[in-house]
Amino acid sequence: MFELFISIIALFLGGLAAKSLFPGLCALCFATAGTWLLGLSVFVFSLEASLGIQEIDPVMLAVLMGGSAVGLLYYLSARLPEQYGFFKLPFLLTLFWLVYLMLAHEHMFGAAILVAGVWAVFIGMFSLKDTHTRQWVTKIIACCRDW
């Protein structure tokens, strides 16, 4: 975990320095995503010993990756039309499922079916034009917007 924290600090400082070249860069997002990308590479390819570092903690990687998943959700929410806020739940479930796949190296067929089912329900509800369904869509969009 120590190495991951050092990486976050170093990449954050690097991100701050790079802001003059990349004004839209978020140093914190850069540091978090860069750290878990580096950590995931070391973890997947078992490079700890060859790099002379302690074992990469998959729980810490999961925390960082989950933070990036939520950050990506909110980044897209701020840039897409409000109506797409309805799809936050299936999008977040998809990201969490992908994070799990990257760390666990096992396929979760049941989870994949569940996530696909949630997407199907949400797309179906979004596509319906009846008043009752549109009210639910509006309530779900407002739930995240108005909290």
Looking only at heavy atoms, what is the nearest atom pair of [X] and [Y], with distance?
{"X": "Leu11", "Y": "Gly34", "result": "CD1-C, 3.6 Å"}
{"X": "Ala31", "Y": "Phe12", "result": "CB-N, 3.4 Å"}
{"X": "Leu40", "Y": "Met102", "result": "CD2-SD, 3.7 Å"}
{"X": "Ala17", "Y": "Ser20", "result": "O-OG, 3.6 Å"}
{"X": "Phe91", "Y": "Leu73", "result": "CD2-CD1, 3.5 Å"}

Straight-line distance of [X] [atom1] to [Y] [atom2], nearest 0.5 Å:
{"X": "Asp57", "Y": "Phe2", "atom1": "CG", "atom2": "CZ", "result": "15.0 Å"}
{"X": "Leu103", "Y": "Phe43", "atom1": "CG", "atom2": "CZ", "result": "6.0 Å"}
{"X": "Leu37", "Y": "Leu64", "atom1": "CG", "atom2": "CG", "result": "10.5 Å"}
{"X": "Leu38", "Y": "Ile56", "atom1": "CG", "atom2": "CD1", "result": "9.0 Å"}
{"X": "Phe109", "Y": "Ile113", "atom1": "CZ", "atom2": "CD1", "result": "4.0 Å"}
{"X": "Trp136", "Y": "Leu128", "atom1": "CH2", "atom2": "CG", "result": "14.5 Å"}

Hydrophobic cluster identity match, [X] and [Y], side-chain contacts under 4.5 Å:
{"X": "Ile53", "Y": "Ile6", "value": "no"}
{"X": "Phe30", "Y": "Leu76", "value": "no"}
{"X": "Phe45", "Y": "Met65", "value": "yes"}
{"X": "Leu101", "Y": "Val63", "value": "no"}
{"X": "Ile123", "Y": "Ile141", "value": "yes"}

Kindly say whether Asp130 contributes a backbone atom to a donor-acceptor pair with the side chain of Thr133 at under 3.5 angstrom?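 No; zero donor-acceptor contacts below 3.5 Å.
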Heavy-atom neighbours of Glu48 CD exceed 12 at 6.0 Å:
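Above 12, so yes.
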May I ask you to test the Phe96-Val70 pair for a side-chain heavy-atom distance under 4.5 Å? yes
task: Would you mind reporting whether Val42 and Glu3 have side-chain heavy atoms less than 4.5 Å apart?
output: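 They are not in contact (no side-chain heavy atoms under 4.5 Å apart), so the answer is no.
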With under 30° as parallel and over 60° as perpendicular, where do the rings of Trp119 and Phe87 fit, or are they tilted in between?
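Ring orientation of Trp119 relative to Phe87: parallel.
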Test salt bridge (Lys or Arg N to Asp or Glu O under 4.0 Å) applied to Glu82 - qualifying residues, sequence neighbours left out: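 Listed in chain order: Arg145.
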**Request:** Give a yes/no verdict on a cation-pi contact between Arg134 and Phe126, requiring under 6.0 Å between NZ or CZ and the six-membered ring centre and an angle within 45° of the axis.
**Result:**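 Judged by the rule, Arg134 and Phe126 form a cation-pi pair.
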Contacts satisfying side-chain hydrogen bond (donor to acceptor under 3.5 Å, both in side chains) that involve residues 28-45 (not counting sequence neighbours) are Ser7-Thr35, Trp36-Ser68
